[in-house]
Amino acid sequence: MQKTVGRTIRASHGTKLTAKGWQQEAVLRMLMNNLDPDVAERPEDLVVYGGIGKAARNWECFDKIVECLTELEDDETLLVQSGKPVGVFKTHPLSPRVLISNSVLVPAFANWDTFHELDKKGLMMYGQMTAGSWIYIGSQGILQGTYETFAEAARQHSDGTLKGTLTLTAGLGGMGGAQTLAVTMNDGVVIGVDVDPTRIQRRIDTRYCDVMVYEINEALKLANEAQEQGKALSIGLVGNAAEIFPEFVARGIVPDFVTDQTSAHDPLNGYVPSGYSLQAAAELRNSNPAEYVKLSKKSMAAHVRAMLDLQRLGSVVFDYGNNIRQVALDEGVTDAFNFPGFVPAYIRPLFCEGKGPFRWVALSGDPEDIYKTDELVLKLFPDNEPLHRWMQLAKDKVAFQGLPARICWLGYGERVKLGLAINEMVRSGELSAPIVIGRDHLDCGSVASPNRETESMKDGSDVVGDWAILNALVNTASGASWVSVHHGGGVGMGYSLHAGMVVVADGSKEADERLSRVLNTDPGMGVIRHADAGYELAIETAKERGVRVPMLGI
Ligand code: NAD
């Protein structure tokens, strides 16, 4: 991987344009924001989050993308193939300014070996989800979803609160780092294991984690005290999950909840085998990648075996979207799928209503703009009590990373209402610059991922990939500002197809048009996808909110 030492990328703030219009400027700032050292996990390698999820293929491509965006006209579209700008076409003013395809391999070849071979030849890049589609906003991006997941787990298993409970998890990276804060937001105690102390330190610096310790005994002592006093506490424990989880089993310590968010989707770059220091792991990764992957998968199998043991001992265990069960199954852990994924366990009803990780970013760089939109959300949805609670928690506890942003799970009808109201605030000058509106690919109607978002679908359509493609197509037809299609995000090569969209509220009438279409088609895809699969809640939502589903007579 090419490195550019000492180069620091930050998006410009304020109202001065460096491109030929706000649509292009927004793409430019969001690309740069993804690589802001306060946002990206390893900006020097162009890595944003999630193992090797990158924003551009290499620095040369990054510079060329910036140049293209700076020169792009209001009726042109830039094409980006796995992080490389490959063409500019004349399209029309309301079409997307950028179209992106990341990491897409022909299905029979859709595996890590082929990917790495092509990556080495400079022909590919791993785009993860929001890394290569330029709408990553730091750990906050996953925070509300993680908060909602733990809140739902508490409702189902622990009288609606995590107070007095212990959660054991691992992986405090870009996304996984949200777990510690999400648990304390639900009043619980959490031990989050990570092999890399710098990752834990980063969570402490951004207030996602309270303390870091190096010793399991110390972690347990702090956890016990906090649990007894009913206090919320997050403890980052430096260690390897494949060693620490079995240690819990050996000692008969049974946490209330157990999960994991190491980057297990990528055995070469995302997971450190047990018995290896970070440095020794890095050396082996370089000198003998095949051996590394073998050891890494073996460790994951031990890690999952410990999770299954803890489940048998009484813990509530769930997979947190990193495909670790699949690796363990391939390694011979035949009961690896005995614990469920978090989507079927806790999130699917939200998807049926077109809800998902909606987010917006203030291009001004001024936190005040976000605080004003926070007020707007409360005013537009006065009766949504969980939403009000979330907005308060977010305001109190979330430190912005890079351009100020907010995440908020909204459903069909709500997204368009908020989007148009934000555009009005930009138009009136109440907000000091345009707002970028987007979402994670982990959304209701934009992803096919049989071990995650589409696990255990009611009609058995888990592996049907058409929906993700239709999502990208309809958002392009509707005039999103940029649209992306990806393969392998979240769970790794071969296991997912997904699409992203971003639309810019620049205060113009044209933006009203874009927003009013895209913010209906996009969550509408979630409603029709789940209605088609037979979910009653989705069918009701379609009927109530006027989403047409021809085969159901709606
Ligand atoms: P990341 O690569 O930024 O962080 C992974 C972390 O795991 C690192 O801090 C690393 O040090 C740690 N780690 C690796 N091996 C370890 C081991 N053996 N023991 C302890 N720690 C270890 O990744 P991320 O962005 O935090 O994402 C984590 C995973 O979660 C990915 O697989 C990603 O695809 C998935 N994900 C899930 C969701 C969700 O909502 N469920 C959302 C986004 C990403």
Side-chain angles (χ1 to χ4, degrees), residues 39-42 47-53 126-131 136 138-139 141-150 168-180 182 191-203 208-209 236-246 259-278 281-282 285 295-300 302-304 306 318-324 326-327 341-343 345-347 356-357 407 440-443 447 449 451-453 455 486 488-492 495-496 498:
V39 177
E41 294 294 308
R42 280 192 289 123
V47 168
V48 183
Y49 78 102
I52 51 164
Y126 183 53
Q128 253 290 3
M129 290 193 156
T130 50
Y136 183 70
S139 298
I142 205 64
L143 182 61
Q144 192 189 2
T146 314
Y147 166 75
E148 295 295 347
T149 301
F150 280 108
L168 171 66
T169 187
L172 300 190
M175 296 280 95
Q179 298 175 101
T180 38
I191 297 178
V193 182
D194 200 296
V195 271
D196 185 346
T198 66
R199 297 300 192 98
I200 299 179
Q201 189 55 49
R202 186 160 190 172
R203 304 309 148 218
Y208 276 74
C209 184
L237 169 61
V238 182
N240 192 307
E243 296 163 20
I244 302 280
F245 281 39
T259 187
D260 168 58
Q261 257 192 68
T262 54
S263 272
H265 69 273
D266 180 349
L268 180 61
N269 301 292
Y271 194 90
V272 176
S274 57
Y276 277 76
S277 68
L278 280 177
R285 190 180 290 126
L295 291 173
S296 180
K297 288 182 173 176
K298 221 170 122 205
S299 295
M300 284 188 222
H303 184 160
V304 169
F318 59 94
D319 169 286
Y320 217 153
N322 60 2
N323 218 18
I324 197 165
Q326 183 69 47
V327 179
F342 73 110
V343 174
Y346 306 121
I347 296 289
I407 179 124
D440 196 354
H441 299 199
L442 187 175
D443 198 7
V447 52
S449 185
N451 289 347
R452 207 165 98 169
E453 289 87 343
E455 174 173 347
H486 291 208
V491 282
Y495 290 98
S496 64
H498 41 99

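Both counts, for ligands and for their atoms, begin at 1 and track the order of listing.
Counting only heavy atoms of the protein, atom 34 (O) of ligand 1 lies nearest to Gly490 O, 2.6 Å. Here the heavy atom of the protein found nearest to atom 16 (C) of ligand 1 is Thr262 CG2, 3.6 Å. Nearest non-hydrogen protein atom to atom 41 (N) of ligand 1 is Tyr320 O, 2.8 Å. When hydrogens are left out, the protein atom nearest atom 19 (N) of ligand 1 is Ala241 N, 2.9 Å; that is the closest non-hydrogen contact. The protein non-hydrogen atom at the shortest distance from atom 42 (C) of ligand 1 is Ile142 CD1, 3.5 Å. Counting only heavy atoms of the protein, atom 4 (O) of ligand 1 lies nearest to Gly173 CA, 3.2 Å. Ranking protein heavy atoms by distance to atom 23 (O) of ligand 1, first place goes to Ser263 OG, 2.9 Å. Protein heavy atom at the shortest distance from atom 30 (O) of ligand 1 is Gln261 OE1, 3.3 Å.
Which parts of ligand 1 touch Gly51 is read off a 4.0 Å heavy-atom cut-off, strictly below it: atoms 1 (P), 2 (O), 23 (O). Interface of Gln128 with ligand 1, defined as ligand atoms under 4.0 Å from a residue heavy atom, comprises 33 (C), 34 (O). Of all atoms in ligand 1, numbered sequentially from 1 with element shown, those under 4.0 Å from a heavy atom of Gly50 are 1 (P), 2 (O), 3 (O), 23 (O), 24 (P), 25 (O). Residue contact check: Tyr49 has heavy atoms under 4.0 Å from atoms 25 (O) of ligand 1. Per-residue contacts place Met175 under 4.0 angstrom from the following atoms of ligand 1 (heavy atoms of the residue considered): 24 (P), 25 (O), 26 (O), 27 (O), 43 (C), 44 (C). Ligand 1 places these atoms under 4.0 Å from at least one heavy atom of Asp196: 11 (O).
Distances shorter than 4.0 angstrom do not occur between any heavy atom of His303 and any atom of ligand 1. In this structure, Gly239 has a heavy atom closer than 4.0 Å to ligand 1. At least one heavy atom of Gly270 sits less than 4.0 Å from an atom of ligand 1.
The proximity of Arg199 to ligand 1, defined as any non-hydrogen pair under 4.0 Å, is limited to the side chain. Residue-level proximity to ligand 1 for Met129 is absent, since no heavy atom of it falls below 4.0 angstrom. Using a 4.0 Å cut-off between heavy atoms, Leu442 contacts ligand 1 through its side chain alone, with no backbone atom that close. The backbone and the side chain of Asn322 each have at least one atom closer than 4.0 Å to an atom of ligand 1 (non-hydrogen atoms only).
Using the six-membered ring where Trp is involved, Phe342 and Tyr320 have ring planes that are tilted, between 30° and 60° apart. The aromatic rings of His486 and His441 lie perpendicular to each other, with more than 60° between the two planes, well past the 30° mark. Relative ring orientation between His303 and Tyr271 is described as tilted, the plane-to-plane angle lying within the 30° to 60° band.
When Asp194, Leu143, Val48 are ranked by how near their heavy atoms come to atom 12 (C) of ligand 1, first place goes to Asp194. Among His265, Arg452, Met300, the residue whose heavy atom lies nearest to atom 31 (C) of ligand 1 is His265. Comparing Gly321, Ser299, Ser139 by heavy-atom distance to atom 35 (C) of ligand 1, the nearest is Gly321.
Among residues two or more places apart in sequence or in another chain, the ring pair (Phe, Tyr, Trp, His ring centres under 6.0 Å) test is passed with His265 by Tyr126. Every salt bridge (charged side-chain N to carboxylate O under 4.0 Å, His left out) that Glu455 has, sequence neighbours left out, goes to Arg325.
Looking only at distances, no side-chain donor or acceptor of Ser139 sits under 3.5 Å from a matching main-chain atom of Met175.
No N or O atom of Gly171 sits closer than 3.5 Å to an N or O atom of ligand 1. Backbone and side-chain nitrogen or oxygen atoms of Phe342 are examined, and none is located within less than 3.5 angstrom of a nitrogen or oxygen of ligand 1. At a 3.5 angstrom cut-off on N or O pairs, Asn240 counts as close to ligand 1.
When side chains are defined from C-beta on, Leu168 counts as touching Val193, because their heavy atoms get closer than 4.5 Å. Looking at heavy atoms from C-beta onward, Ile324 lies in side-chain contact with Asp319 at the 4.5 angstrom threshold. A 4.5 Å side-chain heavy-atom check between Ser496 and Glu453 finds every atom pair outside the cut-off. Residues Arg42 and Ile52 meet the side-chain proximity criterion, which asks for heavy atoms closer than 4.5 Å. Side-chain contact between Met300 and Pro267 is present, with heavy atoms from C-beta onward closer than 4.5 Å. The side-chain heavy atoms of Ser263 and Asn322, taken from C-beta on, include no pair separated by under 4.5 Å.
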Would you check, one step at a time, whether the test side-chain contact (heavy atoms from CB on, under 4.5 Å) holds for Tyr208 with Arg202? CA-CA 8 Å; Tyr208 276 74; Arg202 186 160 190 172; over 6 Å; no
As a quick check of understanding, evaluate side-chain contact (heavy atoms from CB on, under 4.5 Å) for Val195 and Tyr276, giving each step before the final call. CA-CA 9 Å; Val195 271; Tyr276 277 76; over 6 Å; no
Stepwise side-chain contact (heavy atoms from CB on, under 4.5 Å) test for Ile347 and Thr149: CA-CA 7 Å; Ile347 296 289; Thr149 301; 3.5 Å; yes
side-chain contact (heavy atoms from CB on, under 4.5 Å) between Asn323 and Arg452, intermediate numbers included: CA-CA 8 Å; Asn323 218 18; Arg452 207 165 98 169; over 6 Å; no
